[in-house]
Amino acid sequence: MPDDSNLVLKPPPLQAESPPIVLASRSAARRSLLESAGIRADYRAADVDEHVIRDRARACGMEAGQTALELARAKARAISVDNGAAVIGADQMLSCDGAWFDKPESMDAARQQLRTLRGRPHMLHTAVVMLRDGAEVWRHVACPVLHMRAFSDSFLERYLAMEGNAILSCVGCYRLEGMGIHLFSHIKGEHSAIMGLPLLALLQALRAQRIIMQ
């Protein structure tokens, strides 16, 4: 009997054919979030000097959330597109008792950062910006709070050995989709915002722009 499974009509997608969506990031986590929601996008790395932007923001007295917005905005603006594409820029800052934390430059820096955050709550300021034809049409900052448990030094060393250099690309030295979940006692906030892209707010913005179905 012939296989007619390919003859079954697939339902139309939720996303319009035009305009295209461009995410100004090559982050595997952000890409996975969009793809899991059925969103088609082009993924491009944005060439911006994040250290200069952060230093300027700090000198101007900006808060961490404002700085994350500036970083997201700069990344979106660094992408050249046409045809009215929706360009999405996103970035994340971590603050704890008023201090900012950046991605660690070495395993020793990661070790020290985790010791500093151990037993304390910290906040992730996850910003996302959308541009259309060079104009900012939407922006949002989510602020999940994560409580890191008072883990032992022996656990910390085992954790660092298991995760390796992968955590050097994470502002908090952890990946919640992996072994990083063991660092926490409780978490308040949207999981996707912790992963780097506040998905519920972004989907609502895409609906408002009529890029995905209402």
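Keep in mind the model is a prediction, meaning the values are calculated, not measured. If you read the sequence from its start, that first residue is 1, and numbering goes on from there.
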Problem set entry | Sidechain-backbone polar pair: Gln209 side chain, Trp138 backbone, donor-acceptor under 3.5 Å | no
Exercise. Side chains of Asp42 and Ile21: does their closest heavy-atom pair fall under 4.5 Å?
Worked result: no
For this session: Please test Leu114 against Met148 for side-chain contact (heavy atoms from CB on, under 4.5 Å), starting from the C-alpha separation and ending with a verdict.
Result: CA-CA 9 Å; Leu114 287 169; Met148 199 170 279; 4.0 Å; yes
For this session: Walk me through it: do Asp102 and Val171 pass the test side-chain contact (heavy atoms from CB on, under 4.5 Å)?
Result: CA-CA 5 Å; Asp102 296 329; Val171 67; 5.6 Å; no
For this session: Decide yes or no for Trp100 and Thr67: does some side-chain heavy atom of the first lie under 4.5 Å from some side-chain heavy atom of the second?
Result: yes
Problem set entry | Donor-acceptor pair, side chain of Gln15 and main chain of Ile211, under 3.5 angstrom | no
For this session: Step through it carefully: locate the ring centre of Phe151, locate the ring centre of Tyr159, and say whether they are under 6.0 Å apart.
Result: no
Exercise. Does one hydrophobic cluster hold both Leu117 and Ile187, with members joined at side-chain heavy-atom distances below 4.5 Å?
Worked result: yes
Exercise. What is the distance from atom CD of Glu177 to atom CD1 of Ile194, rounded to the nearest 0.5 Å?
Worked result: 11.0 Å
Exercise. Would you say Ile181 and Leu146 are hydrophobically clustered, going by side-chain heavy atoms of ILVMFWY under 4.5 Å?
Worked result: yes
For this session: For the residue pair His125 and Ser95, confirm or rule out a side-chain donor-acceptor distance under 3.5 Å.
Result: yes
Seminar exercise, completed: In terms of heavy-atom contacts, Ala24 and Ile79 come closest through CB-CG1, 3.5 Å
Exercise. For atom CD of Gln66, is the number of surrounding heavy atoms from other residues, nucleotides or ligands below 6.0 Å larger than 12?
Worked result: yes
Exercise. Arg77: what forms a salt bridge (Lys or Arg N to Asp or Glu O under 4.0 Å) with it, not counting sequence neighbours?
Worked result: none
Exercise. Do Leu176 and His191 have side-chain heavy atoms sitting under 4.5 Å apart?
Worked result: yes
Exercise. Does a side-chain N-to-carboxylate-O contact under 4.0 Å join Arg118 and Asp153?
Worked result: yes
Problem set entry | Between NE2 on residue His147 and OG on residue Ser185, distance to nearest 0.5 Å | 6.5 Å
For this session: Compute both the distance and the angle, then confirm whether Arg149 meets the cation-pi test with Phe155: under 6.0 Å from the six-membered ring centre, within 45 degrees of the axis.
Result: yes
For this session: Start with the C-alpha distance between His182 and Tyr174, add both sets of side-chain angles, then the distance that settles side-chain contact (heavy atoms from CB on, under 4.5 Å), and finish with yes or no.
Result: CA-CA 9 Å; His182 291 275; Tyr174 52 79; over 6 Å; no
Problem set entry | CD-OG1 distance between Glu190 and Thr126, expressed to the nearest 0.5 angstrom | 9.5 Å
Problem set entry | Stepwise side-chain contact (heavy atoms from CB on, under 4.5 Å) test for Val128 and Asp91 | CA-CA 7 Å; Val128 57; Asp91 213 298; over 6 Å; no
Exercise. Would you find a donor on one side and an acceptor on the other, under 3.5 Å apart, between the side chain of Arg40 and the backbone of Ala16?
Worked result: yes
Exercise. Is any side-chain heavy atom of Arg56 less than 4.5 Å from a side-chain heavy atom of Ile53?
Worked result: yes
For this session: Return the set of residues passing salt bridge (Lys or Arg N to Asp or Glu O under 4.0 Å) with Arg31 (not counting sequence neighbours), or none when no residue passes.
Result: Glu35
Exercise. Is it true that a side-chain atom of Glu70 and a backbone atom of Ala57 form a donor plus acceptor pair closer than 3.5 Å?
Worked result: no
Exercise. Would you say the side chain of Met130 lies within less than 4.5 Å of the side chain of Glu136, judging by non-hydrogen atoms?
Worked result: no
For this session: Flag yes if Leu183 and Val145 sit in one hydrophobic cluster, no otherwise; membership is Ile, Leu, Val, Met, Phe, Trp, Tyr, and two members link when side-chain heavy atoms are under 4.5 Å apart.
Result: no
Problem set entry | CA sep, side-chain torsions, deciding dist, call: Gln204, Arg207, side-chain hydrogen bond (donor to acceptor under 3.5 Å, both in side chains) | CA-CA 5 Å; Gln204 179 58 33; Arg207 285 191 285 267; 3.2 Å; yes
Problem set entry | Check: Leu197 main-chain N/O paired with Ser192 side-chain donor or acceptor under 3.5 Å | yes
Problem set entry | Arg111 bridged to Glu157 by N-O distance under 4.0 Å | yes
Problem set entry | Heavy-atom side-chain proximity of Phe101 to Cys96 below 4.5 angstrom | yes
Exercise. So which heavy atom on Gly84 is nearest to which on Asp133, and how close?
Worked result: CA-OD1, 3.3 Å
For this session: Return the set of residues passing salt bridge (Lys or Arg N to Asp or Glu O under 4.0 Å) with Arg175 (not counting sequence neighbours), or none when no residue passes.
Result: Glu163
Problem set entry | Non-hydrogen side-chain atoms of Ile39 and Leu33 separated by less than 4.5 Å | no
Exercise. Would you say Arg44's side chain and Ser80's backbone share a donor-acceptor pair under 3.5 angstrom?
Worked result: yes
For this session: Would you kindly confirm whether Ile167 and Phe184 end up in one hydrophobic cluster when ILVMFWY residues are joined by side chain heavy atoms under 4.5 Å apart?
Result: yes
Seminar exercise, completed: Nearest heavy-atom contact between Val48 and Ala74 is CG1-O, 3.6 Å
Exercise. Between CG of Leu131 and CD1 of Ile88, what distance do you get to the nearest 0.5 Å?
Worked result: 9.5 Å
Exercise. Do Val129 and Leu199 share a hydrophobic cluster, counting only Ile, Leu, Val, Met, Phe, Trp and Tyr and linking them when any side-chain heavy atoms are less than 4.5 Å apart?
Worked result: no
For this session: Mind checking the CD-CE spacing from Gln112 to Met107? Nearest 0.5 Å is all I need.
Result: 13.5 Å
Problem set entry | Closest non-hydrogen atom pair, Ala110 against Leu168 | CB-CD2, 4.3 Å
Exercise. Between atom CE of Met195 and atom CD of Gln92, what is the distance when rounded to the nearest 0.5 Å?
Worked result: 10.0 Å
For this session: Kindly say whether Arg26 contributes a backbone atom to a donor-acceptor pair with the side chain of Arg30 at under 3.5 angstrom?
Result: no
Problem set entry | Arg132 to Ala85 - nearest heavy-atom pair and separation | CD-O, 3.7 Å
Exercise. With side chains defined as the heavy atoms from C-beta onward, is the minimum distance between Leu94 and Met123 less than 4.5 Å?
Worked result: no
Exercise. Under the 3.5 angstrom rule, does the side chain of Ser36 hit a backbone N or O of Ser32 as a donor-acceptor pair?
Worked result: yes
For this session: Mind listing the closest non-hydrogen atom pair of Lys103 and Cys170 along with its distance?
Result: CG-C, 4.0 Å
